[in-house]
Asker: 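One structure, pasted below without further comment.
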2 protein chains.
Amino acid sequence: MPVRAAQFPFLHETGHRLTTPRRRILDVLPATPTSAQELFGMLRRKGVKSDLVTVYRTLDLFTRLGLVQKTQFGDQTARYELVGATGHHHHLVCEQCGSIEDVPLDEQMLLGQVGKKSKFQVTRHTLEFFGRCIKCQ
Amino acid sequence: MPVRAAQFPFLHETGHRLTTPRRRILDVLPATPTSAQELFGMLRRKGVKSDLVTVYRTLDLFTRLGLVQKTQFGDQTARYELVGATGHHHHLVCEQCGSIEDVPLDEQMLLGQVGKKSKFQVTRHTLEFFGRCIKCQ
DNA sequence: GTTTTTGCAAACTTTTTGCATGCGG
DNA sequence: CCGCATGCAAAAAGTTTGCAAAAAC
């Protein structure tokens, strides 16, 4: 598990503790956008006793540390995904079946366009596509 | 008010009724992302008695009709804006003061990139930038 | 007249907060 | 041991639903 080994120092370096709940959440966190409730369910199913509040707090911490990326699609649910090996990418969200496909895109040009049009200092961005997946067409 | 005059037939054509609450909401709806609560407050301040539930239902209808665009930034609040004259555009959201700047971008290239990499059929997309506005830098 | 829409109450979902207890370093 | 982190209970915030009364057409 190179991912886990690589993530742990991250906590210590920033003055946070490596606790069992945090390790468990890191164990199940996929690289696909997943809600806190879903993660909580995944832990339960693995027989790990956990608390939804801890899941939220941990995801918030991981997001602040840059380990996790938080996204929101149409609904009012936040989704979290491990940034890990896959790196920065975007999503194709099927409005019929809810499936999510990852897609890497080169958006340098967009950032360049923004820079030309405004003095706004961009630190991050979200880019999501909605429509029909191959199966639902 | 060319906007209002242009919007109203939209309702009738799709079998919906032109009611006072809908007209009032259209009156205050800005072309900048605004939450249901905020709109409700704007109506109150104008002395218009209204109901938050009606605001939600109306915004949902307008969104389905394409009059309004729904977006969600980091928080769990949905924001709605009139699509009207400004047309499709994106947002620069300041994470310090919450101000929102509009920015028109040419994203054809991105859609082209998606088309090359996947058979997914894109119907709409969201693209938001976060960072520091000019004042907050 | 009859069908859509509204307003109110209440439910529901997701997320946040407060605080005593527990665990990591 | 000291202090950050957890778990529990409860609250907050945002949104949705059911239903009788009102208003469009």
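To find a chain, count down the sequence lines: A is the first, B the second, and so on, and within it residues start at 1. All values reported here derive from a predicted model rather than from experimental measurement.
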Asker: With a 3.5 Å distance limit and no angle check, can you tell me whether E13(A) reaches the backbone of F10(A) through a side-chain donor-acceptor pair?
Answerer: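 The answer is no, because no donor-acceptor pair under 3.5 Å joins these two groups.
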Asker: Closest approach to the side chain of L52(A), judged atom by atom: which nucleotide of dG7(D), dT15(C), dC8(C) is it?
Answerer: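 Shortest atom-to-atom distance from the side chain points to dT15(C).
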Asker: I want to check one thing: is the phosphate of dT15(D), taken as OP1 and OP2, less than 4.0 Å away from some side-chain N or O of K70(B)?
Answerer: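 Checking dT15(D) against K70(B), no side-chain N or O comes under 4.0 Å of OP1 or OP2.
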Asker: Distance check needed: dT16(D) C1' versus L61(B) CG, whole Å only.
Answerer: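 So the two atoms are 16 Å apart, to the nearest Å.
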Asker: Using whole Å, what does the distance between atom C1' of nucleotide dT15(D) and atom CZ of R79(B) come to?
Answerer: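 For the pair R79(B) CZ and dT15(D) C1', the rounded distance is 15 Å.
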Asker: Do the side-chain N and O atoms of H125(B) and E107(B) include a donor-acceptor pair separated by under 3.5 angstrom?
Answerer: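 On atom types as modelled, these side chains qualify, holding a pair under 3.5 Å.
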Asker: Establish, with yes or no, whether the OP1 or OP2 oxygen of dG7(D) is under 4.0 angstrom from a side-chain nitrogen or oxygen of T54(A).
Answerer: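 For dG7(D), OP1 or OP2 has a side-chain N or O of T54(A) closer than 4.0 Å.
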Asker: Output the rounded distance in Å from CG (L18(A)) to C1' (dG22(C)).
Answerer: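 Atom CG in L18(A) sits about 16 Å away from atom C1' in dG22(C).
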Asker: Of the options dC8(C), dG14(D), dT14(C), whose atoms approach the side-chain atoms of Y56(A) most closely?
Answerer: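 Nearest nucleotide to the side chain: dT14(C).
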Asker: How close or far is atom P of dT5(C) from atom CG of L65(B), stated in whole angstroms?
Answerer: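 Atom CG in L65(B) sits about 10 Å away from atom P in dT5(C).
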Asker: Whole angstrom is fine here: how far is it from CG in D51(B) over to P in dT17(D)?
Answerer: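 For the pair D51(B) CG and dT17(D) P, the rounded distance is 15 Å.
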Asker: Select one nucleotide: of dT5(C), dT6(D), dT14(C), the one nearest the side-chain heavy atoms of R57(A).
Answerer: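 Looking only at heavy atoms from C-beta outward on R57(A), the closest nucleotide is dT6(D).
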Asker: Roughly how many Å is it from CZ in R24(B) to P in dT6(C), rounded to a whole number?
Answerer: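 These atoms are roughly 13 Å apart.
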Asker: Between Q113(B) and L110(B) (side chain of the first, backbone of the second, donor and acceptor by atom type, cut-off under 3.5 Å), is there such a pair?
Answerer: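 Side chain of Q113(B) to backbone of L110(B): no pair is present.
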Asker: Whether T77(B) contacts dA13(D) is assessed here as follows: a side-chain N or O lying under 4.0 Å from the phosphate OP1 or OP2. Is that the case?
Answerer: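 No, T77(B) has no side-chain N/O under 4.0 Å of OP1/OP2 on dA13(D).
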Asker: Both P21(B) and T19(A) contact DNA chain D. Which one's nearest nucleotide lies toward the 5' end?
Answerer: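 Mapping each residue to its closest nucleotide by heavy atoms, the 5'-most match is T19(A).
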Asker: Just say parallel, tilted or perpendicular for the rings of F130(B) and F73(B), cut-offs at 30° and 60°.
Answerer: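 F130(B) vs F73(B) ring planes: perpendicular.
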Asker: Let's see if you can work this out: which of dT15(C), dG25(C), dC8(D) has an atom nearest to the side-chain heavy atoms of H12(A)?
Answerer: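 Nucleotide nearest to H12(A)'s side chain: dG25(C).
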Asker: Categorize S50(B) for me: base, sugar-phosphate, or nothing, with a 4.0 angstrom heavy-atom threshold over every strand shown.
Answerer: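 S50(B): no heavy atom of the nucleic acid under 4.0 Å.
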Asker: Out of dT15(C), dT17(D), dA24(D), which nucleotide sits closest to the side chain of V53(B)?
Answerer: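 Of the candidates, dT17(D) comes closest.
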Asker: Looking at every strand, decide which applies to T20(B) at a 4.0 Å heavy-atom threshold: base, sugar-phosphate, or nothing.
Answerer: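 Result for T20(B) = sugar-phosphate.
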Asker: Has the side chain of R17(B) got a donor or acceptor that lies under 3.5 Å from a partner of the other kind on the base of dT3(C)?
Answerer: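 Check passes, donor-acceptor contact within cut-off.
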Asker: Under 3.5 Å, is there any donor-acceptor pair linking the side chain of R22(A) to the base of dG24(C)?
Answerer: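 No, no donor-acceptor pair under 3.5 Å.
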Asker: Specify the separation, in whole Å, of atom CD of Q37(A) and atom P of dT16(C).
Answerer: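 It works out to 13 Å between those atoms.
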Asker: Looking only at side chains, do E81(B) and T34(B) share a donor and an acceptor under 3.5 Å apart?
Answerer: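 There is no such pair (donor and acceptor under 3.5 Å, judged by atom type) between the side chains of E81(B) and T34(B).
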Asker: Provide, to the nearest angstrom, the distance between the CD atom belonging to Q72(B) and the C1' atom belonging to dT13(C).
Answerer: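 The distance from CD of Q72(B) to C1' of dT13(C) comes to 13 Å, rounded to the nearest Å.
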Asker: Where the side chain of H16(B) is defined as all heavy atoms beyond and including C-beta, which of dG14(D), dT5(C), dT15(D) is the nearest nucleotide?
Answerer: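 Given the options dG14(D), dT5(C), dT15(D), the side chain of H16(B) is closest to dT5(C).
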Asker: Please check if the side chain of Q72(A) supplies one atom and the backbone of D75(B) the other of a donor-acceptor pair under 3.5 Å.
Answerer: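 Flag set: sc Q72(A) to bb D75(B) pair under 3.5 Å.
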